[in-house]
Amino acid sequence: MTAHYKRRSVLLLGITSVVAATVAESAARPCVARPMPQDPSPAALPSVNVKLKPVSYWAGVFEQSWDYQATTAQPLSRSKDSQDHYDLAYTLDGNIAMFRATGTTRYLDRALAYVENVVDASSPSTSLGRSTFHDRYRGWGSSKSGQGGDEVPLYESYFWRYGTQLLIAMRQDTKVWASPAYRARYDKLLAFAEVDIFEKWYTRGAAESIYRERTHMAAHWALISLNLGQLTADATRRARYRQVLTTIGAEIRNQMTRNPVEPTAYFWSDVWGSTRRPGQDVGHGNGVMAYVVEARDQGTTWNSADMTAFGRLLTKVIWPGGTTYHEFVDGTGTDNGWIADGFVKLGRYDPNIQHRLESYQVVNDQFAANMALNAKILRA
C-alpha cells in the first residue's frame, strides 16, 4: 500500500485505522482468454435467512463523524493542491452514498459544496508556474509528495471519479432533477468535468494520462468515462467516453483469472498482462472495485457471475474471518483492513456478504455510508 493510502488518518467508529506497459499499448493487443473461476454462478456464501441492519442504523453511524467532516474535509475542498482533493475523495463518496441511500438533500448539499469548492480553487494552467503544460485548461498543481507544483492526472482522476458519480446521483433523483437551482449547479459541474478534467488530460496525452500503467489508475478513468458517457449531450464526446471505457474495461476484464488459493474467486495483477503473485494489493484494488461495481450497476462489462467471484475474493481470501485482513488478492501479507473505498460495495449484491460486513471492525464514514447504500439496494 502506498503512502497515499497510509497517509489518510480517518475518524474510525469503534477501532482506529490509518487508512501509483500502459493500457493504450495493450489496447492494440487482442484480449487473451484466461482461466475463469470455477462455478462462479451460485451465491457467494451459503444461503441463509439473515436479518440485516437497516439504512437508519448506518446513517446513525455516519452521522457520528458529521461535525468532524466540517473541520477536515472543507479545508481540503478549498485547497489549491490537488493531492488534498485526492484525500477528499473518500468523504465525497460517503456523502454521495448517503444521499443515494436516504434521498436526504443534506448529504447532497455537502457533496456539492465539496465539488464546487474544488472547482473554485482551480486556476488557468498558464498561471500555474511549475506546470509542465501551460495550456488553456484549468486545474491545480501539487507541491506534495515530490510533485514540484506540477499538475497530476492521478490526483484529479481519483477525485473526479466521484465528482462525476455525484452528477449521476443528481440525474437519477427525480426531485433534484426537477429543481432549477440544482440543475444549474449540475450543468456547471458537468461542463467543468467534460472540459477541464476529461478533455484536458485526453488532449494532453491519453496514453500517459488516461490509459495508465496500473490497473487501478486506469480504473479511475474508466469510472469517469462510464459516468460522463451517461450524462453528456454531445454525441462526439459520448463516443470518446465509450471508447475509453470499452478499452479499459476490456483490459481489466482480461486481467481476471482464477485465484490461486480459492478457485471460485478472482485474482488479478496491477501490472498489465501479468499473472504473477501476489497480484494487486487490496488497498489499490479498491479503485478497481469502485469502477467494477458502478459499471455492473449501469449494465456494462460485468455480470452477476463476476460479482459472485469478487464477493468470494473478499470473503474467502482478503478477509477469511475475524480480524485477519490480507494485503494482496492472493491472500498473502497482513494489512489494516481498509476496504471502504471499493470492496465494501460488494455487499449490495448479496445479503450474506452484507451480513458479514456488518461485523467488520474497520469502520469509518465512507464504510458506513456505503453500508447504508447496500442496505437500501438489498431492500429494493
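Panel note: side chain W140, backbone V118; a donor-acceptor pair is recorded below 3.5 Å. At distances below 3.5 Å, not a single donor-acceptor pair connects side-chain atoms of Q147 with backbone N or O atoms of G149.
With values rounded to the nearest 0.5 angstrom, N370 atom CG is found 11.0 Å from W58 atom CH2. Note: Q74 CD to L88 CG = 8.5 Å, rounded to the nearest 0.5 Å.
Note: Y90 and W338 meet the aromatic proximity criterion, with ring centroids under 6.0 Å apart.
Of the listed residues (L226, L223, N227, I197), just one forms a side chain to side chain contact (heavy atoms under 4.5 Å, CB included) with R161, and that residue is L223. Of the candidates R258, K316, R277, D330 forms a salt bridge (Lys or Arg N to Asp or Glu O under 4.0 Å) with just one, namely R277.
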Please evaluate residues Y211 and W272 with respect to the criterion ring-ring contact (aromatic ring centres under 6.0 Å, His included), reporting the C-alpha separation (whole Å), side-chain torsions for both, the decisive distance (0.1 Å), and the verdict. CA-CA 11 Å; Y211 298 112; W272 297 113; 9.6 Å; no

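Between Y155 and Y86, the two ring planes are perpendicular [angle over 60°; tilted spans 30° to 60°].
Counting only residues at least two apart or in different chains, ring pair (Phe, Tyr, Trp, His ring centres under 6.0 Å) contacts with residues 358-380 comprise W319-Y360, Y325-Y360, Y360-F367.
Both the sub-6.0 Å distance and the 45° axial angle are satisfied by R253 relative to the ring of W302.
A salt bridge links R100 with E294: the distance from a Lys NZ or Arg NE/NH1/NH2 to an Asp or Glu carboxylate oxygen falls below 4.0 Å.
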